Structure formats: C-alpha cells, structure tokens
Q: 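Sending over a structure as structure tokens; questions will come in a sec.
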Protein chains: 4
Amino acid sequence: MRPDQATAAATVPAPKAKRMPRAQREQLMLDAAVSVFAKSGYHSASMDEIAEAGGVSKPMLYLYLGSKEELFAACLRREAGGLVAAFRDAAAPQLPPGDQLFGGLVAFFRFVGERRDSWALLNQHARSSGGEPVVAEVGQVRRQVVAAVTALVRRAVGSGVQEDPTGRDRGEAAAIAEAIVGAADALARWVAETGGEPPEDSARRLMSVLWIGLEPRMRGARFVPATPSN
Amino acid sequence: MRPDQATAAATVPAPKAKRMPRAQREQLMLDAAVSVFAKSGYHSASMDEIAEAGGVSKPMLYLYLGSKEELFAACLRREAGGLVAAFRDAAAPQLPPGDQLFGGLVAFFRFVGERRDSWALLNQHARSSGGEPVVAEVGQVRRQVVAAVTALVRRAVGSGVQEDPTGRDRGEAAAIAEAIVGAADALARWVAETGGEPPEDSARRLMSVLWIGLEPRMRGARFVPATPSN
Amino acid sequence: MRPDQATAAATVPAPKAKRMPRAQREQLMLDAAVSVFAKSGYHSASMDEIAEAGGVSKPMLYLYLGSKEELFAACLRREAGGLVAAFRDAAAPQLPPGDQLFGGLVAFFRFVGERRDSWALLNQHARSSGGEPVVAEVGQVRRQVVAAVTALVRRAVGSGVQEDPTGRDRGEAAAIAEAIVGAADALARWVAETGGEPPEDSARRLMSVLWIGLEPRMRGARFVPATPSN
Amino acid sequence: MRPDQATAAATVPAPKAKRMPRAQREQLMLDAAVSVFAKSGYHSASMDEIAEAGGVSKPMLYLYLGSKEELFAACLRREAGGLVAAFRDAAAPQLPPGDQLFGGLVAFFRFVGERRDSWALLNQHARSSGGEPVVAEVGQVRRQVVAAVTALVRRAVGSGVQEDPTGRDRGEAAAIAEAIVGAADALARWVAETGGEPPEDSARRLMSVLWIGLEPRMRGARFVPATPSN
DNA sequence: GATGAATGAGAGTTCATTCAT
DNA sequence: CATGAATGAACTCTCATTCAT
C-alpha cells in the first residue's frame with residue numbers, strides 16, 4: 001500500500017461519470033475545488049487532491065481552469081456571486097431600509113449556515129491566499145456589499161449624516177456600514193461555533209443592537225467617557 | 001547599553017553581533033520572523049528569508065525555534081500577548097464598564113495603527129495559515145478578548161440579560177460581544193484603508209453606535225420588520 | 001480547381017474543407033507541420049499547435065502520420081527531397097563539372113532564399129532534435145549531396161586525386177566536397193543575415209574562391225607555413 | 001527494482017565525494033552537464049540525469065546554477081571560452097596571416113578531436129536549443145571568430161578587397177571568412193566520422209584549398225560558367 | 001471517417017530540514 | 001557554538017497519445 005493513499009482517500013472521489021459535456025464537468029471541478037480549498041486553504045491544497053476529489057485527472061483541471069490561481073479565482077467568483085445574489089435578492093428595494101437590511105442579513109446567515117465551504121472560502125481563505133488580483137476580486141465583492149449597506153444607512157437616517165458642518169463625518173455612514181458587516185461576519189462565526197440557530201434569529205440579534213443604536217447616534221448622540229482620559 | 005537594536009533590526013540584517021545571550025537572540029529572530037511573515041504570509045515566507053533577515057544561520061533558527069510552524073506559533077503568541085496586554089492594561093477595572101471598553105478599544109486601535117506587522121499577522125495571516133494548533137492558539141486569544149468584553153456587557157446592563165424566562169437569550173451578551181469585536185476588526189481595516197485617524201476617534205465611532213444601542217436593546221427593545229416576512 | 005490553397009494555408013487554419021482525398025490531406029498536414037516545426041523547433045512545437053495550424057483534429061494527425069517523431073521525419077524527408085531534387089535538376093550532367101556545381105549552388109541558394117521554413121528545418125532543427133532514425137535520415141541526405149559534389153571534384157581534376165602513391169590522399173576529394181558543402185551552408189546563413197542577394201551572386205562568391213583554389217591544389221600545391229611549427 | 005534505474009545508470013555517477021568547496025563542485029556539475037547535454041541535447045536532457053551524473057542532488061544544481069537554461073548557458077560559456085582561447089593562443093599575432101590562420105585551425109581541430117562533448121555542444125546543440133539569450137551568446141562567439149578570420153583575410157590580400165569601385169564587394173572578406181569557418185566546421189565533422197587524423201593534416205587540407213584560392217580570387221579572378229545560364 | 005474528452009507520465013523548480021565541519 | 005553544504009519530497013504544469021462517441 002502506498003503511504004499517501006490514506007490522505008488521498010480523505011476526500012471522497014466522485015463516482016466515475018465519464019464523457020460529460022464541458023460545462024458540466026467544469027461545475028463538478030469547481031465543486032471539488034471549493035470543497036478542498038475550504039478544507040485546506042489555498043496553499044496547502046494540492047491540485048492532485050482537487051483532481052481526485054473531482055474525479056478527473058490533473059490535465060483536465062488545467063485544460064478547463066487554466067492554473068491553480070485561476071481555479072481559485074473561479075471558485076471565489078462563483079461563490080461570491082452566489083452570496084451577493086442571495087443578499088441582493090433578499091433586500092427588496094421597495095421595502096424600508098431596515099427591512100431591506102434585515103432581509104439581506106437573513107439571507108446572509110442562511111448562506112453561511114447552508115454553504116459552509118463557500119463561506120469558509122470567502123471568509124477565511126480568500127484574505128491572504130492567492131495573488132493580488134484574486135484578493136482584489138474578493139475585496140471588490142465586500143466593497144459592493146458595504147456600499148449597499150452604506151446606502152441603506154444613509155436612507156435610514158435621512159440627511160443626518162451630512163449635518164456635521166465640519167465635514168469630518170463624511171465617512172460616518174461608511175464606517176457604520178463597515179462595522180455592521182464586520183459584526184455580521186463575527187456573529188456568523190459565533191453562530192457556527194455555538195451550533196447554529198435560525199438565520200432570522202441571528203439577523204434579529206444584530207439588528208436589535210446595531211439598527212436600534214443607529215437612530216440616536218445619527219441624531220447626534222455620542223459616547224462620552226464618564227472619566228476623563230489620561 | 002547600545003541603542004535599541006532589537007526592534008530596529010527587524011528587516012535589515014543586523015551587523016553581525018556575535019556572542020549574545022540566547023533570550024536576546026531569540027527575540028531578534030522573532031522580530032525578523034514577524035516582519036517577514038507579515039509581509040509574505042505564512043506559506044510564501046521562506047526560512048531562508050527569515051534567517052537572513054534575522055542575521056542568523058538557518059540551523060540556529062531551527063535550534064532555537066524548532067520548526068517553521070513552531071516559529072510561526074511563537075510569533076503569534078508574542079504578538080497576541082502584546083495585544084491582549086495592551087487591551088487589558090487600558091481597561092482599568094475600577095472604571096465603569098463603558099469607560100473600560102472605550103479604553104480597551106482605544107488601546108486596540110492604537111495597537112493596530114502602530115504595530116502594523118503584528119496586526120497583519122494576527123488578523124490576515126493567522127486565519128488560514130498554520131496547522132490546527134496554530135489556529136487554535138489564535139482562536140484562544142480572540143476568545144479571551146471576547147470573554148472580557150462579554151463581562152463588560154453583562155455588567156453594563158445589569159442582570160437584564162438573564163431576564164428572559166425562556167433562557168433562549170443565554171448567549172445574548174456573548175453574541176453582542178462577538179459583534180463588537182467583529183465590528184472593531186472591520187473598523188480597524190477601514191481606518192487603515194482610509195488613511196488613519198486618532199485611535200480615540202475610532203473608538204468613539206464604535207461606542208457611539210454599539211454602546212448607545214446596547215441600553216435600549218437590553219431593556220427589551222427588539223427590531224421588528226415593518227413588513228411581515230414570507 | 002481552387003487557387004493553391006495548400007501552400008497558403010500553412011499557418012492560418014484553413015477554412016474547413018471536409019472530405020478531401022487522403023493524399024491531399026496529408027500534404028496539408030505536412031505543410032502545417034513544416035511551418036510550425038520551423039518556427040518553434042522540434043521540441044517546443046506541440047501536436048496541438050500543428051493540428052490546429054493544419055485545420056485537422058489531433059486524432060487525424062496520428063492516424064495519418066503515426067507519431068510526432070514520424071511526422072517530423074516525414075517533414076524532413078519531403079523537404080530534403082525537394083532540396084536534393086532542386087540541386088540535381090540544376091546540375092545538368094552534360095555540362096562541365098564547374099558549371100554543374102555552379103548550377104547546383106545557384107539552385108541551393110535559391111532554395112534557401114525562397115523556402116525559408118524548409119531550410120530552417122533542415123539546417124537548424126534537424127541536427128539535434130529527433131531520435132536516431134531522424135538524424136540518420138537527414139545525414140543520409142547530406143551524404144548524397146556530398147557524394148555528388150565529390151564526383152564533380154573528381155571529374156574536375158581528372159585522376160589527380162589518386163596520383164598520390166602513398167594512398168594517404170584517398171579521401172581528399174571527399175574532404176574537399178565536405179568543405180564546399182560546409183562553406184555553402186555558412187554562406188547561406190551569412191546571406192540570410194546580411195539581407196539577401198541574388199543566388200547567382202552567392203554561388204559565384206563561393207566558386208570564385210573554392211573552385212579557383214581547386215586547380216592549383218590538385219596540381220600538387222600545398223600550403224606550407226612560413227614559420228616552422230613547434 | 002525501479003523501472004527508471006536502467007536509464008539513470010547510463011551515465012556513470014561520479015564517486016561520491018562529499019563536502020567539497022563550492023567552486024569545485026560547480027566545475028563538477030558543469031562537467032556532468034556538458035556531458036549529458038552533449039549526449040542528449042538540451043531538451044531531452046533532464047535535470048535529474050545531470051544531477052545524478054554529477055553526483056549531486058537537484059537542489060544543488062539549482063542552488064549553484066540557477067535553472068536549466070542558465071546551466072546550459074554556463075556550459076556554453078565555459079566551452080566556448082575554451083575554444084576561443086585555444087584559437088587565439090595559437091594564432092600568434094606576430095606571424096604572417098596565413099600562419100596565424102593555420103595555427104588557429106590546428107588548435108581548432110585539436111579541440112574538436114580532444115573534447116568531443118564540448119564540440120558537440122557548441123556545434124550541434126547550441127543552434128536551436130535554449131532561449132534567445134543563450135543562442136545569441138553562442139552566436140556572439142562564432143561572430144568573434146569570424147571577425148578574427150576576416151581580419152586575417154584582409155591583411156593577407158592587402159587592400160585588394162576594397163578595390164572594387166562599385167562597393168558591392170564590401171562584405172567580400174567577411175563572406176570568405178564565413179565560408180572558411182563553415183568549411184572548417186564541416187571538415188571537422190568529416191574528420192570525426194572518418195576516424196580522425198592529426199589536426200595539422202586537417203588544417204593543411206583546408207588551407208591548401210582555401211588559402212591558395214584566396215590570392216588569385218583577390219587579384220580579381222572570378223569564376224565564370226563556361227555555358228551561359230538560362 | 002472524424003472528433004471532443006480524457007489521461008499517464010514526467011519535467012522543472014522550490015522548500016523545510018539536517019549533517020559534517 | 002555556528003555554519004556552509006547538501007537533500008528528500010512535493011508541487012505546479014505540460015504534452016504526446018488514445019478512447020468513446
């Protein structure tokens with residue numbers, strides 16, 4: 001028995017289905033790649049492993065997807081696209097901003113709960129893995145989401161954001177949106193670690209702190225330490 | 001005593017200072033390793049690079065630090081320790097909880113702003129890099145911070161957290177603490193990208209949304225969608 | 001009959017002309033192969049490239065030509081045949097030997113100037129590329145040419161070659177023929193690099209040194225160093 | 001027994017001499033590489049083979065020589081240097097040009113006869129093997145030699161070269177030099193195939209045709225076909 | 001007859017890691 | 001104590017070659 005057989009068998013090789021059209025094979029390969037990348041991270045994953053998990057030979061991987069980095073990028077693109085689509089579809093524009101954000105968060109938590117690998121890929125591994133263009137691509141996606149949330153924050157509080165005459169607060173809404181997204185990320189991890197809960201509950205948790213705090217903050221309320229700083 | 005050579009020599013191969021006590025050598029190596037890991041990430045960094053940056057030969061590196069993974073872990077331990085210490089020192093226990101959290105956040109944002117390499121290591125590269133023990137290590141640190149914040153949240157709202165008779169809210173404070181920490185991370189990145197601002201400002205931004213929203217939320221206020229979900 | 005598609009379609013993938021007699025297909029493939037081999041060399045050329053350039057699928061290539069090496073050999077055979085034929089046709093046997101050689105050289109230089117790919121194949125790539133049989137094949141061709149030239153040299157100087165009673169000069173004519181052929185090769189490269197000139201000029205250059213030197217040499221003239229060798 | 005052992009053992013692995021200084025190891029590696037490249041050509045030679053022939057591991061090859069292409073270039077540089085040096089040392093500048101060329105040719109034929117691998121490398125494999133810079137390098141060497149010969153030709157015939165008032169013959173000496181060098185190459189191959197002879201004999205053969213033909217040619221003698229060309 | 005789909009085998013390259021001086 | 005010298009083991013990627021339709 002060869003020594004590396006044990007680890008190679010860790011990921012289940014798909015049942016050999018020969019001779020299928022290119023588009024379909026490509027999806028299978030992406031499925032396998034997402035799964036392996038999510039498990040091992042970009043660097044530790046080997047193309048051999050991915051090929052085996054996908055039930056194809058390495059040359060097919062390269063023929064269809066180009067290179068390891070392109071493969072990784074394709075995975076990220078597909079999964080990020082799914083997440084963004086879920087978010088956007090759930091945040092119906094005719095709703096009030098709070099409901100939009102709530103809907104989007106529900107979709108987000110559902111995605112995180114249901115597609116573990118996708119989320120692991122996007123959240124853990126995309127940050128520091130591939131080359132510059134790949135990271136940029138995923139950063140782009142995050143920026144889109146933040147921009148959408150920023151718009152919602154702005155709409156929610158009217159023009160309150162721009163009342164500061166000094167202009168120092170111009171990025172305020174963006175900062176809040178960043179905080180919301182970051183909090184959602186963290187909460188998602190917490191939910192996963194804690195054992196899961198309905199996505200609606202997670203979304204409500206977040207909204208119940210962040211959205212409720214939004215209004216007084218935008219009216220001008222500021223945190224002031226009770227004790228003077230050093 | 002010579003001027004502080006240790007911190008300055010991080011990237012430049014220090015002029016060979018032979019015969020130096022082991023503990024000091026080790027710190028020099030860690031300095032170099034932190035710098036290199038932060039720049040290239042765990043996998044792309046090579047032991048050659050680190051040895052050269054530290055002005056030592058590779059066998060010394062291995063003799064003192066064991067292996068690449070152990071070296072990485074040692075870096076994380078040291079830097080995480082620094083962050084936790086900074087946070088804890090700033091959150092003086094005799095202050096009211098809000099002030100404690102505020103102080104801790106100021107320290108956090110200062111750390112992020114001043115020790116870029118350390119933060120890059122902890123935030124970007126630790127997530128998906130080493131094997132299990134390394135990841136566990138960093139997860140441990142995060143959990144410590146979250147626990148501290150959780151305690152503050154509990155103290156801040158009195159026993160309100162446990163009022164829910166169904167017990168469904170038992171993790172509420174923890175969830176909020178997670179969200180706060182996640183929001184702080186995200187805000188830190190935003191600040192870095194936006195060009196920097198005084199750490200007090202960043203801390204105030206966060207407190208002005210999260211802490212202000214905390215009180216009504218704990219009094220029982222909940223977000224309820226204006227439109228019934230399907 | 002359509003305009004001469006065969007030679008034109010060497011690099012551009014010819015518009016798919018299906019159902020074409022085997023012999024013709026084969027020539028098209030050879031055209032493509034010659035062009036690609038000449039451009040990239042034997043090893044760097046890929047069968048994919050050749051198949052695409054020829055407007056056929058790879059299995060056809062293999063069906064008709066066998067293997068990469070056989071394909072290369074077929075190319076060499078065809079092109080070498082062309083060169084030898086050109087040389088022979090130009091060296092009309094009823095002419096005096098000098099005129100025969102001159103005519104052959106003119107044909108040779110014309111071939112080199114007009115069929116660049118063929119010449120590149122024969123001169124550059126055949127030397128070190130395929131396995132033994134291929135090299136042998138090309139060596140064979142060269143030997144034919146040298147033999148023809150040798151005969152001309154012999155005829156030109158009468159039986160002078162065999163006059164040496166010691167027999168040490170038995171290969172003399174052959175050696176001279178080799179030198180002539182080598183000089184022609186080198187001159188061909190020089191002409192190509194220098195920008196080209198009428199083939200008659202190149203042939204005359206060569207004849208004006210080599211042929212003129214032939215006669216005194218065959219009469220017994222020998223180079224003798226002015227200074228005694230060590 | 002592993003299946004590739006047979007072919008690997010084809011080149012004799014040097015007796016394991018461990019721990020030697022870098023410069024020396026490098027020479028051994030180059031020796032091995034020259035031998036293997038000469039035998040198989042650039043593309044067919046594998047780094048494994050070279051490493052084994054040199055009694056080192058592949059990483060050493062890469063550490064010392066950089067890459068396959070750089071290794072090949074280093075081989076060419078070393079061998080070409082040897083050949084040029086031999087030629088130059090033998091062509092003492094105080095001698096008359098004919099003796100200089102004769103001496104150089106003797107050295108050349110000696111080199112070809114004694115260092116078969118070097119010559120195979122330079123003559124067969126360098127033409128179409130490595131990337132552009134490598135080929136250029138070797139081309140450069142040939143050009144140096146041709147330039148030296150050109151100078152000798154010029155000196156030998158005085159200013160006869162420039163007598164042609166039309167200027168069309170400006171490259172004449174260069175063309176003759178090219179022809180001489182090409183003839184030497186070809187003769188070298190012939191000598192090798194025929195079984196070898198003293199280098200002085202080969203040099204005399206060449207001089208006895210080319211150099212003797214030089215003078216009348218430079219006096220204006222031209223080959224004129226006895227029969228008018230078509 | 002003709003081809004899209006598929007692969008076994010091997011190449012160059014790099015790295016963490018360890019002797020032997 | 002300290003290091004130049006050395007390597008086993010992988011990894012990404014490519015190519016000639018062949019099924020199965």
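The analysis underlying the following values was restricted to heavy atoms, covering all of them including side chains, and did not include hydrogens, waters or symmetry mates. Just so it is clear, the model here is predicted, and its values are computed rather than measured. Chain letters run A, B, ... following the sequence lines, proteins first, then strands; residues in each count from 1.
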Q: For A/R78, give me all partners under side-chain hydrogen bond (donor to acceptor under 3.5 Å, both in side chains), at least two apart in sequence or on another chain.
A: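 A/R78 satisfies side-chain hydrogen bond (donor to acceptor under 3.5 Å, both in side chains) with A/Q27, A/D31 once adjacent residues are dropped.
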Q: So which nucleotide from F/dA2, F/dA5, E/dA5 ends up closest to the side chain of B/Y64?
A: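 Of all the options, the side chain of B/Y64 is nearest to F/dA2.
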Q: Quick check: closest heavy atoms across A/A45 and A/K68, and the distance to 0.1 Å?
A: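 Taking A/A45 first and A/K68 second, the nearest heavy atoms are O-NZ, 2.8 Å.
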Q: In chain order, what residues pass the side-chain hydrogen bond (donor to acceptor under 3.5 Å, both in side chains) check against B/S46, with sequence neighbours excluded?
A: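 Expected list: none.
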Q: C/L71 CG to F/dC15 P: how many Å, rounded?
A: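 Going from CG in C/L71 over to P in F/dC15 covers 16 Å.
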Q: Between C/R25 and C/Y64, is there a side-chain heavy-atom distance shorter than 4.5 Å?
A: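 Yes, side chains in contact.
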Q: Under the side chain to side chain contact (heavy atoms under 4.5 Å, CB included) rule, collect the residues that match up with A/A32, sequence neighbours excluded.
A: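 Scan of A/A32 (side chain to side chain contact (heavy atoms under 4.5 Å, CB included), adjacent residues dropped) gives A/A53.
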Q: Check the distance between E/dA2's P and C/L63's CG and give it to me in whole angstrom.
A: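 Distance, rounded to whole Å: 9 Å.
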Q: Is the phosphate of E/dA6, meaning OP1 or OP2, less than 4.0 Å from a side-chain N or O of A/R25?
A: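 Checking A/R25 against E/dA6: at least one side-chain N or O falls below 4.0 Å of OP1 or OP2.
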Q: Distance check needed: F/dT7 P versus D/L61 CG, whole Å only.
A: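 So the CG-P distance, D/L61 to F/dT7, works out to 10 Å.
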Q: For C/V56, report the nucleic acid contact type (base, sugar-phosphate, nothing); a contact means any heavy atom under 4.0 Å.
A: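 It contacts nothing in the nucleic acid.
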Q: Measure CE/A/M60 against C1'/F/dT12 and give the value in whole Å, please.
A: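 Interatomic distance, CE of A/M60 to C1' of F/dT12: 17 Å.
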Q: Applying side-chain hydrogen bond (donor to acceptor under 3.5 Å, both in side chains), name anything that partners D/R22, two or more places apart in sequence or on another chain.
A: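 So D/R22 forms a side-chain hydrogen bond (donor to acceptor under 3.5 Å, both in side chains) with D/E26.
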Q: Would you give me the side-chain donor-acceptor pairs under 3.5 Å for residues 54-63 of chain B, sequence neighbours excluded?
A:
unit_1: B/K58; atom_1: NZ; unit_2: B/D48; atom_2: OD1; d: 3.3
unit_1: B/K58; atom_1: NZ; unit_2: B/D48; atom_2: OD2; d: 3.3

Q: Does C/E49 have any side-chain hydrogen bond (donor to acceptor under 3.5 Å, both in side chains) partners at least two apart in sequence or in another chain, and if so, which?
A: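 If we apply the side-chain hydrogen bond (donor to acceptor under 3.5 Å, both in side chains) test to C/E49, skipping adjacent residues, the hits are C/K39.
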Q: Strictly under 4.0 angstrom, non-hydrogen atoms only: write out the protein contact profile of nucleotides 14-21 of chain E, one letter per nucleotide from the 5' end, B, S or -.
A: BBSBBBS-
Q: What is the distance, to the nearest angstrom, from the CE atom on A/M20 to the P atom on E/dA5?
A: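 Checked: the CE to P distance equals 11 Å.
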Q: Using whole Å, what does the distance between atom C1' of nucleotide E/dT3 and atom CZ of A/R22 come to?
A: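 Rounded to whole Å, this separation is 15 Å.
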Q: Please name the pair of heavy atoms, one in A/S67 and one in A/M47, separated by the smallest distance, quoted to 0.1 Å.
A: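 That would be C-CE, 4.3 Å.
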Q: Please list every stem that involves DNA chain E, where a stem is a run of 3 or more consecutive Watson-Crick or G-U wobble pairs with both pairing distances under 3.5 Å.
A: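 Expected stems, ordered by start: E:2-21 with F:2-21.
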